[in-house]
2 protein chains.
Amino acid sequence: MDTADGSPLARPAGSRRVTAAMVAREAGVSTATVSLVVSGKARGRVSAANQEKVENAVARLGYVVDTAGSSLSKGFSPVVVLIATDITNPFYAELISAARAALGDRYELLLSVSDPGSPTDPASIPRLISQRPAGFLIDAPNAELVASLPAGTRAVLLDAPGLSTTWPTVNLDVAGGAAELARHLADLGHRRVAYLDSVVEVETFRVRREAFCDTAADLGLEVGCQASSLTAVDDAASAFAKVWPAWQAAGISAVVGCTDTHAYGILAAARVAGVSVPDALAVAGFDDLPYSRHMSPSLTSVSLPARELGDAAGRALRAIIEGGDPGDHQVMLTSRLIRRDSTVPAPTR
Amino acid sequence: MDTADGSPLARPAGSRRVTAAMVAREAGVSTATVSLVVSGKARGRVSAANQEKVENAVARLGYVVDTAGSSLSKGFSPVVVLIATDITNPFYAELISAARAALGDRYELLLSVSDPGSPTDPASIPRLISQRPAGFLIDAPNAELVASLPAGTRAVLLDAPGLSTTWPTVNLDVAGGAAELARHLADLGHRRVAYLDSVVEVETFRVRREAFCDTAADLGLEVGCQASSLTAVDDAASAFAKVWPAWQAAGISAVVGCTDTHAYGILAAARVAGVSVPDALAVAGFDDLPYSRHMSPSLTSVSLPARELGDAAGRALRAIIEGGDPGDHQVMLTSRLIRRDSTVPAPTR
DNA sequence: CTGAAAGCGCTTACAG
DNA sequence: CTGAAAGCGCTTACAG
């Protein structure tokens, strides 16, 4: 079966693809000249007259450089792959938007996401590398994933605390923030605290949990209880609802979620269970999402700068790709505790 | 500056890439034979002995087919691009997971996402096409985006009600669900209702809103008020909090959110404002996310099957790519109204 | 069943 | 400043 224009149906759109050769013919120059103009390398190498001819022909024919040919020749495509685990967290929307802006027009940002609740499968790395992306941005990896990256891969890790000195990394000071949060709760007089973790086993969550638990223990707090859930608000709510009777019986008076969305779930479930926050239970999270200040009660949170993270990682990767000065390869962005009503009781305010 | 193995630093990982030629040499066969074996076309064309030699060599050398070479030769890459607007909605996590499973191992699913609150820029289509993806899955597009798809593009539209008979489409019966919801509210005695829409201007949201408003009007309801917000729960909460005083003054007794996450925001804001649901205000949404039944009160919602949508679209695209029977190109998945506590008052239950 | 060879579209030294 | 030509790695008729 054929389409109206006679091309076979299962044939790719490429049947009528405009090639550099067509542009060259149209402009009366060689494909080498077309390539130089189109890739922005014409300065001092192509006459103004030819440059204009090519630009006109490109516009007339609607030419777009074919990535397959270009990738094969140059060794890499314009695609940057962002590897992410939980895109449902609004933290990502900010990160992606900032990373794309930092990478600029010459690169196309595409996401490779794992199934909900699972870390990224290391087996996907070779498949992705066979695409010859210009580079990788890898958010919240675990050790296994980092170990599976072949030497020479152009990659920047994001929020990968303590994972690598080999790979350029933009970190968030999640450990410092977690410690500050533990001190905050100790100062408020809490003696037994709990932690609601993610089911996804990645390094940043391990570090958050351990830094919080270790600091709390050092301060004489008891941190006996943990539970896990997906990042989705409502999974966290169910997880909390299920463990709360036991935690309550154990005398727990404060719960920390490993992200703000987990904390939102805790707040929601606490409300349902009739637990007054912060009087009967203090609640806090990580990320300081834009909404956290508008929660009721407003949420105490370790502020982690999503846009700065995306921006710094995007810039670093771009520098690496373009062979310029990559700058400092181990960046640590500061975090700080934002104290709000979900932990600080009214009289103290 | 050079790395330990002597390759220049800014050089792609490809410097030591294993090629089909190396495999061929190792196995003592031609690259044609390697290609046939690796791409699974060896049956009846390569001797068992050579097949085994190639497989061993592939394993020894860790060969992975290079996409750039393959794409150039075949005309398309193994990448399927999913174009999506609001990945923060948990609806997507399900859709993606199902679509990937339906596409199978031979394809790599990557996401192209727009900035938060914006529909996909049509200008991104030519850039994506220049990557020669095997196909596109395009969720919740608007007319402008669909119009910008060049003829011959292998694409399946998802949740694109009324947009196209040209492109294969898997639709959700959002209009039917919206109408059923309007009837449900009329049956419960509501006279004035409101609708909280998305800021993102895509067709499925327009159809939901219009079907709801038209049916409500036909039933004699007043639907004077609308407001918009991002899909994030908390944006919807702020939007609702802002308009509620006016809506309350206007006698609104029911509000429908264009997605469940919008409805979650309405529920949260209503609680903060001390508005009793469903007695003072009925609330409902679209999607019937897994959490909706666990909300408090449980949320009335138009059930839209995310996994079925991803599965059907993935299968359809795969059939199109592989030139087999694409089956019915205009699929409509059923929706139905799930009545829960957020609209049905206790005495009626 | 097998391999030599053409060709996919581009980029980049290279010679002029 | 310009173009002919080689080469990136693969797939696919084609001849044997």
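Please read these numbers as outputs of a predicted model, since none were measured by experiment. Letters A, B, ... are given to chains in the order of the sequence lines, protein chains preceding strands, and every chain is numbered from 1.
Between the P atom of C:dG9 and the CD1 atom of B:Ile129 lies a distance of 15 Å, rounded to the nearest Å. What separates CG of A:Leu36 from C1' of C:dC10 is a distance of 12 Å, to the nearest Å. The distance from atom CZ of B:Arg17 to atom P of D:dG9 is 7 Å, rounded to the nearest whole Å. Nucleotide D:dC8 holds its P atom 21 Å from the CD atom of A:Gln131, rounded to whole Å. Across the protein-nucleic acid pair, A:Arg45 atom CZ and D:dT2 atom C1' stand 11 Å apart, rounded to whole Å. In this structure, A:Leu61 atom CG and C:dG9 atom P are separated by 14 Å, rounded to whole Å. Put simply, CZ on A:Phe76 is 16 Å from P on C:dC10, counting in whole angstrom units. Counting to the nearest Å, the C1' atom of C:dG9 and the CG atom of A:Asp66 are 6 Å from each other.
Nearest heavy-atom pair across B:Ala151 and B:Trp167 is CA-CH2, 4.4 Å. The minimum heavy-atom distance linking B:Val202 with B:Pro141 is given by the pair CB-O, 3.9 Å. Pairing each heavy atom of A:Val81 with each of A:Ser112, the nearest pair is CG1-CB, 3.9 Å.
In this structure, A:Arg43 reaches neither bases nor backbone, as no heavy-atom distance under 4.0 Å exists between it and the strands shown. Across all strands, B:Ala20 comes closer than 4.0 Å only to sugar-phosphate atoms, never to a base (heavy-atom distances). Residue-level contact check: B:Val65 touches the backbone only, with heavy atoms under 4.0 Å from sugar-phosphate atoms and none from bases. Among the protein residues, B:Val29 comes within range of the sugar-phosphate backbone only, with heavy atoms under 4.0 Å from sugar or phosphate atoms but none that close to a base.
Here the straight-line distance linking atom CD1 of B:Ile87 with atom CG of B:Leu111 works out to 6.5 Å at 0.5 Å rounding.
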Margin query: I'd like to know whether B:Glu94 forms a side chain to side chain contact (heavy atoms under 4.5 Å, CB included) with B:Ser97, so could you lay out the CA-CA distance, the side-chain angles of the two residues, the decisive distance to 0.1 Å, and finally the verdict.
Written below: CA-CA 5 Å; B:Glu94 293 297 311; B:Ser97 162; 5.8 Å; no
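Remark: A:Arg154 is positioned above the aromatic ring of A:Phe76, its terminal NZ or CZ atom under 6.0 angstrom from the ring centre and at most 45 degrees off the axis.
The side chain of A:Ser70 contributes no N or O atom lying less than 4.0 Å from OP1 or OP2 of C:dG9. A close approach under 4.0 Å does occur between a side-chain nitrogen or oxygen of A:Ser47 and OP1 or OP2 of D:dT2. For the pair A:Lys41 and C:dT12, the criterion of a side-chain N or O lying under 4.0 Å from OP1 or OP2 is met. Between B:Ser73 and C:dC8 there is no side-chain polar atom (N or O) within less than 4.0 angstrom of OP1 or OP2. Remark: B:Thr33 is in phosphate contact with C:dG3, judged by side-chain N or O atoms under 4.0 Å from OP1 or OP2.
Comparing D:dT2, D:dT11, C:dT12 by their closest approach to the side chain of A:Asn50 singles out D:dT2. Side chain of B:Ser30, nearest nucleotide from D:dC10, C:dG3, D:dG3: C:dG3.
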Can you give each donor-acceptor pair under 3.5 Å made by side-chain atoms of residues 21-33 of chain A, sequence neighbours left out, with the distance rounded to 0.1 Å?
{"residue": "A:Glu26", "atom": "OE2", "partner": "A:Arg60", "partner atom": "NE", "Å": "2.6"}
{"residue": "A:Glu26", "atom": "OE2", "partner": "A:Arg60", "partner atom": "NH2", "Å": "3.1"}
{"residue": "A:Ser30", "atom": "OG", "partner": "A:Ala32", "partner atom": "N", "Å": "3.3"}
{"residue": "A:Ser30", "atom": "OG", "partner": "A:Thr33", "partner atom": "N", "Å": "3.3"}
{"residue": "A:Ser30", "atom": "OG", "partner": "A:Thr33", "partner atom": "OG1", "Å": "3.3"}

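When each of B:Leu72 and B:Gly44 is assigned the nucleotide of DNA chain C with its nearest heavy atom, B:Gly44 is the one assigned upstream, toward the 5' end. Mapping B:Val46 and B:Gly69 onto DNA chain C by nearest heavy atom places B:Val46 at the nucleotide closer to the 5' end.
For DNA chain C, runs of at least 3 consecutive pairs of the Watson-Crick or G-U wobble type, with both hydrogen-bonding distances under 3.5 angstrom, map to C:1-3 with D:14-16, C:5-12 with D:5-12, C:14-16 with D:1-3.
Judged purely by distance below 3.5 Å, without hydrogens or angles, the side chains of B:Thr67 and A:Ser130 pair a donor atom with an acceptor atom.
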